[in-house]
Number of protein chains: 2
Amino acid sequence: MPKRVDHDERRHRIAEALWRLASSRGLDGTSLRDVAAEAGISLGQLQHYFSSKGEMLLFALEHINKLAEARVLERVVPLPEEDRSPRRVLRESIAEMLPLNEESRTGNLVQIAYFVRAVHDERLRRHAREGIPALREFFAGQLRIAAQRGEIAAGRDAETEAMLLIALADGLTSYALLDVHSPGEALRLLDAHLDRLFTPDPR
Amino acid sequence: MPKRVDHDERRHRIAEALWRLASSRGLDGTSLRDVAAEAGISLGQLQHYFSSKGEMLLFALEHINKLAEARVLERVVPLPEEDRSPRRVLRESIAEMLPLNEESRTGNLVQIAYFVRAVHDERLRRHAREGIPALREFFAGQLRIAAQRGEIAAGRDAETEAMLLIALADGLTSYALLDVHSPGEALRLLDAHLDRLFTPDPR
DNA sequence: CGTTTTACAGGTCAATCGTATTGCTATAGC
DNA sequence: GCTATAGCAATACGATTGACCTGTAAAACG
């Protein structure tokens, strides 16, 4: 047999070619031939690594989710102790999700392409249903710490506020992608929301 | 010539057939033949009313937007004077946008299908860029009235809060469609946000 | 009444899709 | 060094797509 090849490395390369195309044409508008050409390989070779389009899509989704999670962690973890306040952690996390740079914009466009499929595809929908609660718990944990520190009103439910943050981030992202507002404006709106959330108990 | 036909009425029928299919398969997954079959007409007849698929899509989008706007107005305008507080108007408006019933769910799924296309299609994107500011102004107007009445803190910027509400509604809708939370839970989250927004100046 | 125009049916078209198949080549393993 | 096999290229396949094109019946209109 010929030289052994790192399968995962090849699959990642193909997934990244898929993202580049899907971010500008959607998943339906991206054919296997397109992906192969973008990755600089033949259709036959692509089929050697993915036995069907669905399999390729699923692999690419799991990969992009892992990368997105890693980027958030990479941004939050290195913060010096004194800057790692709940508010700062939440802000940096959400900012990393917003389409503030070209790479993130591509990622978000791909995520949306998957989102549409997920609405009709049970297998993909499960991914969303499993991922969001984990994020919500992370956010809620930060909010509970903030409540203990007296940085937010005691009456607020952490899980509720966490879900509101996620939904808001999602909406801000959508409208930024549509150029309804700029990415910077999305960040400003996020900060306005956080200002209101991180208000100590007024009474 | 044969009996004159109400063109607009036929086109509306076709658009509604398109929605039914697009809400469960997406716009890309819906062929002209599918739409014709769903509408109970031949492909030839469909093409008699729409010279291209793109034209049909654009017509159906404009139609669904008009209907959505009309439904909001129908819900808000008949409210008795004493119930037409800014908070109530905003709540009912947003509730009408959430996928709380099957009809609204279908409408939202179609909207999302268009959203994905809009990201890549300049002509569709213009629709979004023109529609949202109008909605934001309507919301901002309600918020200014609330501020005059002293129902919300004076320091809040109406346009900012209006855009936050729209983005939040959008995010809540997305996650309701993915069954991350129930439509009822989306409404509860909206109310939680409104509770915080409609808090008189604490100082 | 005759002509023109509208409303539609049906078929054809090239293009494109995902998938399946075949065959060659180079090397890992014995 | 022989051979089995992983890696890949190339091609073919049937299905489906949106866009055309032609034919025909009927009724509106002069």
Side-chain angles (χ1 to χ4, degrees), chain A residues 1-61 110 113-114 116-117 120-121 123-124, chain B residues 1-22 24-61 110 113-114 116-117 120-124:
Chain A
M1 32 187 151
K3 57 175 187 287
R4 294 297 296 246
V5 160
D6 183 341
H7 267 234
D8 256 16
E9 192 268 341
R10 299 280 188 149
R11 295 173 131 218
H12 288 155
R13 271 197 202 292
I14 294 170
E16 285 153 26
L18 169 66
W19 300 340
R20 266 171 270 139
L21 296 177
S23 71
S24 63
R25 302 191 231 171
L27 288 175
D28 287 309
T30 305
S31 72
L32 292 179
R33 284 162 238 264
D34 292 338
V35 176
E38 174 72 22
I41 64 177
S42 72
L43 174 60
Q45 189 174 353
L46 189 149
Q47 289 183 305
H48 183 69
Y49 291 104
F50 295 107
S51 62
S52 75
K53 185 175 184 178
E55 198 197 325
M56 179 185 73
L57 260 38
L58 202 60
F59 178 88
L61 173 63
V110 175
Y114 275 107
V116 181
R117 285 214 160 207
H120 314 299
D121 184 323
R123 201 143 69 118
L124 290 180
Chain B
M1 31 185 152
K3 59 176 186 285
R4 295 296 300 248
V5 160
D6 183 341
H7 268 234
D8 256 16
E9 191 269 342
R10 299 277 189 156
R11 294 173 135 218
H12 288 155
R13 271 197 202 294
I14 294 170
E16 283 153 27
L18 168 67
W19 299 340
R20 266 172 270 141
L21 297 177
S24 63
R25 303 190 229 170
L27 289 175
D28 287 311
T30 304
S31 70
L32 292 178
R33 284 163 238 265
D34 291 338
V35 176
E38 174 73 22
I41 62 178
S42 72
L43 175 59
Q45 189 173 352
L46 189 149
Q47 291 183 312
H48 181 67
Y49 291 104
F50 295 107
S51 63
S52 76
K53 187 177 183 178
E55 199 196 324
M56 179 185 74
L57 261 37
L58 201 60
F59 178 89
L61 173 62
V110 175
Y114 275 106
V116 181
R117 284 213 159 207
H120 315 300
D121 183 324
E122 167 59 23
R123 201 143 72 117
L124 290 180

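Note on naming: letters A, B, ... go to the chains in the order of the sequence lines (proteins, then strands), and numbering restarts at 1 for each one. Being a predicted model, the structure only gives us computed values, none of them experimental.
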Taking the side chain of B:L32 as heavy atoms from C-beta outward, which of C:dA7, D:dG18, D:dA12 is closest to it?
-> D:dG18

B:R20 and B:E16 ion-paired at < 4.0 Å = no

Considering just the side-chain nitrogens and oxygens of B:H7, establish if one lies under 4.0 Å of OP1 or OP2 belonging to C:dA7.
-> yes

Expressed in angstrom and rounded to an integer, what is the separation of A:L46 atom CG from D:dA10 atom C1'?
-> 15 Å

Describe the nucleic acid contact of A:L43 in one word from base, sugar-phosphate, nothing, applying a heavy-atom distance below 4.0 Å.
-> base

Can you find a side chain N or O atom of A:R10 that sits less than 4.0 Å from OP1 or OP2 on D:dG7?
-> no

Between A:H48 and D:dC8, does any side-chain N or O lie under 4.0 Å from OP1 or OP2?
-> no

When you match A:G29 and A:G44 each to their closest nucleotide on DNA chain C, which lands nearer the 5' end?
-> A:G29

Given D:dA19, C:dT21, D:dG7, which nucleotide is nearest the side-chain atoms of A:Q47?
-> C:dT21

With respect to the phosphate group of C:dC17, does any side-chain polar atom (N or O) of A:S31 fall under 4.0 Å of OP1 or OP2?
-> yes

Whole-Å gap separating C1' (C:dT6) and CD (B:Q45) = 12 Å

Separation of D:dG18 atom C1' from B:R33 atom CZ, nearest Å, is 7 Å

Of D:dG7, C:dC17, D:dA19, the nucleotide closest to the side chain of A:D34 is C:dC17

Of all the nucleotides listed (C:dC8, C:dG18, D:dC8), which has the minimum atom distance to the side chain of A:Y49?
-> D:dC8

Picking from C:dA9, D:dC8, C:dT19, the nucleotide nearest the side-chain atoms of B:S42 would be C:dA9

Could you state the atom-to-atom distance from CG of A:D28 to P of C:dG18 in whole Å?
-> 9 Å

So what does B:S52 touch, heavy atoms closer than 4.0 Å: a base, only the sugar-phosphate, or nothing?
-> sugar-phosphate

